[in-house]
Asks: 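Have a look at this one before I ask anything.
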Amino acid sequence: MLNIIWPVFIIISFLYAILFGSIEKLNNSIFESTTNTVNLCLTLIGNICLWNGIMNIANKTTFMKKMTKFFKPIINFLFPEIDKNSKLHEEISMNIIANILGLGNAATPLGIKAMKTMQKENQDKKVLTNTMAMFIVINTASIQFIPTTVIAIRSSLGSNNPTAIVFPVWVATVSAAIAGITATKIFIKISSKGKIKKCK
Amino acid sequence: MQIINFLSNIAMPLIVLIIIGYGIIEKNKVFDTFLDGAKEGLIIVLNIFPTLIGLFMAIGTLRSSGIIDLLTKIFTPILNLINFPSEIMPLALIRPISGSSSIAVATDIMNKYGVDSNLGIIAAVIMGSTETTLYTIAIYTEAVGIKNTRFVLAAALIADVVGIAVSVAICRI
């Protein structure tokens, strides 16, 4: 998609700049953009490496497994259709915890593993099951305890207090997750009603 | 507001302490484990760097040519009706589609209006509280070869809209 958007952005900017005489500004901005990116990435490298290192410790100890116990009731509520003691239950909670800890790199492979386990039990291999749908929606909601990338960007731009956004992020992300979960539960109810009608 | 600041300040040190403490209790070689993770971090940044260069350049031209100002002017009356800051609109539109582009757009907003300004904070909160929805859906469905995603996109976008609306609202308090 960026193969289309990217050239379009640049071409219309050039045309607009020629028409309205802002070509000098445009010229300067091209060179500024490279410096800006380098500056941003230099600070990002520091913060992302640090956080990735810390989170790797969480990943390699039983910290994550211990956390799954804590999340059991929530997972049971979200995924009523899966067995409480199954391997799938553990895979799903590991994925959600990795997301919460901001371990994007660990979360995706864990999530794909869980999807494959769910697909094995799926009767119609071309359609998402209710459990899969809920699982994906939760993953798109990105419930993250520490929004590391944003904090890194804020500190690279010289913020007085880069972590000041943490609490507002919690409120926003939890609201988004609740909205997504509620919507999914409602959609599941509506679609299951439709199926019963068809059977009659 | 003071409680919010306190919670925001203590969250990071506390979680670092708990994790490292945990590693020591379990006799993990914490520093070696840390180094492995940190190396991975280098690769992450290296991978997004070329994308960011390209996008920063494109967004830079859009802004310096005056097109973004023009678009903002056109949409301001509509966005004012729902009390939504028009400067944030480009970010809200691109956030579900592309992760690295939204980093570029958000950074641009923070740079232009100030990282600690109201708009800068709103942009940061949106980035922290939402995810690249379309990409996430694609990865998980393609991993198992499913084409029919039912209502997932609708539900995920509802979550995004609520997340963005709450981000704007909470920063106005």
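Below, read A as the first sequence line, B as the second, and so on, with proteins coming before strands; counting in each chain starts at 1.
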Asks: Where do B/L42 and A/I45 come nearest, in terms of heavy atoms and distance?
Replies: CD2-CG2, 3.8 Å
Asks: For the interface with chain A, which of B/T136, B/V162, B/I19 has the highest count of heavy-atom pairs at distances below 4.5 Å?
Replies: B/I19
Asks: Report the distance from atom CZ of A/F9 to atom OG1 of B/T61, rounding to the nearest 0.5 Å.
Replies: 9.0 Å
Asks: Just checking B/K112: does its NZ atom have more than 12 heavy atoms from other residues, nucleotides or ligands closer to it than 6.0 angstrom?
Replies: yes
Asks: Give the cluster check for B/L93 versus B/L81: same hydrophobic cluster or not, with ILVMFWY residues linked at side-chain heavy-atom distances below 4.5 Å.
Replies: no
Asks: Would you mind telling me which of A/I188, A/D124, A/L15 has the largest number of heavy-atom pairs within less than 4.5 Å of chain B?
Replies: A/I188
Asks: Which heavy-atom pair separates B/F34 from A/L50 by the least distance, and what is that distance?
Replies: CE1-O, 3.4 Å
Asks: Output the option from B/M57, B/K147, B/K29 having the highest count of non-hydrogen pairs under 4.5 Å with chain A.
Replies: B/M57
Asks: Start with the C-alpha distance between B/L55 and A/W6, add both sets of side-chain angles, then the distance that settles side chain to side chain contact (heavy atoms under 4.5 Å, CB included), and finish with yes or no.
Replies: CA-CA 7 Å; B/L55 290 168; A/W6 191 66; 4.3 Å; yes
Asks: Heavy-atom pairs under 4.5 Å with chain B are the metric here; pick the option from A/V137, A/V127, A/I136 that has the most.
Replies: A/V127
Asks: Please classify the contact between A/V38 and chain B as side chain, backbone, both or neither, with a heavy-atom cut-off of under 4.5 Å.
Replies: both
Asks: Between A/S22 and B/S65, is there a donor-acceptor pair closer than 3.5 Å when you use the side chain of the first and the backbone of the second?
Replies: yes
Asks: For B/D116 and A/N160, indicate whether the former's side chain and the latter's backbone hold a donor-acceptor pair under 3.5 Å.
Replies: yes
Asks: Do the side-chain N and O atoms of B/R63 and A/S29 include a donor-acceptor pair separated by under 3.5 angstrom?
Replies: no
Asks: With side chain to side chain contact (heavy atoms under 4.5 Å, CB included) as the criterion, how do A/M132 and B/T141 come out once you've worked through the C-alpha distance, each side chain's angles and the decisive distance to 0.1 Å?
Replies: CA-CA 9 Å; A/M132 286 167 149; B/T141 51; over 6 Å; no
Asks: Hey, what do you get for CZ (B/F31) to CD1 (A/I57), rounding to the nearest 0.5 Å?
Replies: 9.5 Å
Asks: With only heavy atoms counted, which part of A/I138 is less than 4.5 Å from chain B, the side chain, the backbone, both or neither?
Replies: neither
Asks: Check whether A/N122 gets within reach of chain B through its side chain, its backbone, both or neither, counting any heavy atom under 4.5 Å.
Replies: side chain
Asks: Cluster question for you: counting only ILVMFWY and a side-chain heavy-atom cut-off of under 4.5 Å, with indirect links fine, are B/I103 and B/I43 together?
Replies: no
Asks: For the interface with chain B, which of A/A177, A/A179, A/P162, A/G21 has the highest count of heavy-atom pairs at distances below 4.5 Å?
Replies: A/A179
Asks: For a 4.5 angstrom cut-off between non-hydrogen side-chain atoms, does A/T140 reach B/Y135?
Replies: no
Asks: Is there a side-chain contact between A/Y16 and B/L62, using heavy atoms and a 4.5 Å cut-off?
Replies: no
Asks: What part of A/I153 gets within 4.5 angstrom of chain B, counting heavy atoms only: side chain, backbone, both, or neither?
Replies: side chain
Asks: So, for B/R150 and A/S191, which heavy atoms are closest and what is the spacing to 0.1 Å?
Replies: NH2-OG, 3.2 Å
Asks: Could you check which of B/L153, B/V152, B/D160, B/D32 has the highest count of heavy-atom pairs closer than 4.5 Å to chain A?
Replies: B/V152
Asks: Please look at A/K125 and chain B and tell me whether the side chain, the backbone, both or neither of the residue comes under 4.5 angstrom of a heavy atom of that chain.
Replies: backbone
Asks: Looking only at atom types and distance, does a side-chain atom of B/E26 sit under 3.5 Å from a main-chain N or O of A/T62, one as donor and one as acceptor?
Replies: yes
Asks: If we define contacts as heavy-atom pairs under 4.5 Å, which of A/T173, A/I112, A/T37 has the most with chain B?
Replies: A/T37
Asks: Tell me whether A/F70 shares a hydrophobic cluster with B/I25, the cluster being built from Ile, Leu, Val, Met, Phe, Trp, Tyr side chains joined at under 4.5 Å.
Replies: no
Asks: Counting only heavy atoms closer than 4.5 Å, note whether A/T149 contacts chain B via side chain, backbone, both or neither.
Replies: side chain
Asks: Test A/F63 against B/I18 for side chain to side chain contact (heavy atoms under 4.5 Å, CB included), laying out the working first.
Replies: CA-CA 9 Å; A/F63 183 79; B/I18 293 173; 3.7 Å; yes
Asks: How long is the straight-line distance from CD of B/E40 back to CG of A/N52, given to the nearest 0.5 Å?
Replies: 5.5 Å
Asks: What's the spacing between B/I121 CD1 and A/I165 CD1 if we round to 0.5 Å?
Replies: 9.0 Å
Asks: Rounded at 0.5 Å granularity, tell me how far CG in A/N36 sits from CG in B/N111.
Replies: 5.5 Å
Asks: Is A/I178 close to chain B through its backbone or its side chain, or both, or neither, when contacts mean heavy atoms under 4.5 Å?
Replies: neither
Asks: Which bit of A/V150 comes within less than 4.5 Å of chain B, counting heavy atoms only: side chain, backbone, both or neither?
Replies: side chain
Asks: Indicate the atoms forming the closest heavy-atom contact of B/S129 with A/V169, along with that distance.
Replies: CB-O, 3.9 Å
Asks: Heavy-atom cut-off 4.5 Å, strictly under: side chain, backbone, both or neither for A/T117 against chain B?
Replies: neither
Asks: Looking only at heavy atoms and a cut-off of under 4.5 Å, which of A/K25, A/E24, A/K126 has the most pairs with chain B?
Replies: A/K126
Asks: Could you check if a side-chain atom of B/V115 sits within less than 4.5 angstrom of a side-chain atom of A/R154, using non-hydrogen atoms only?
Replies: yes
Asks: A side-chain contact here means heavy atoms from C-beta on lying under 4.5 Å apart; do A/L128 and B/N148 qualify?
Replies: no
Asks: Output the option from A/S159, A/A141, A/A17 having the highest count of non-hydrogen pairs under 4.5 Å with chain B.
Replies: A/S159
Asks: A/F187 and B/I158: which non-hydrogen atoms are nearest, and at how many Å?
Replies: CE1-CD1, 4.4 Å
Asks: Where does B/T130 contact chain A at under 4.5 Å (heavy atoms): side chain, backbone, both or neither?
Replies: backbone
Asks: What about B/I53 and B/V105, same hydrophobic cluster or not, with Ile/Leu/Val/Met/Phe/Trp/Tyr joined at side-chain heavy-atom distances under 4.5 Å?
Replies: no
Asks: Work out which heavy atom in B/Y140 is nearest to a heavy atom in A/G111; give both atom names and the distance.
Replies: CE2-C, 3.5 Å
Asks: What residue in B/A124, B/G23, B/S167, B/G114 has the most heavy-atom pairs under 4.5 Å with chain A?
Replies: B/A124
Asks: By a 4.5 Å heavy-atom criterion (distance strictly below it), what part of B/N28 contacts chain A: side chain, backbone, both, or neither?
Replies: side chain
Asks: At a heavy-atom distance under 4.5 Å, which candidate from B/L70, B/V161, B/I126, B/L35 has the highest pair count against chain A?
Replies: B/L70
Asks: Side chain, backbone, both or neither: which part of A/K116 has a heavy atom under 4.5 Å from chain B?
Replies: both
Asks: Are A/I181 and A/V174 connected in a single hydrophobic cluster, I mean Ile/Leu/Val/Met/Phe/Trp/Tyr linked by side-chain heavy atoms less than 4.5 Å apart?
Replies: no
Asks: Is it the case that over 12 heavy atoms from other parts of the model lie below 6.0 angstrom from the NZ atom of A/K185?
Replies: yes
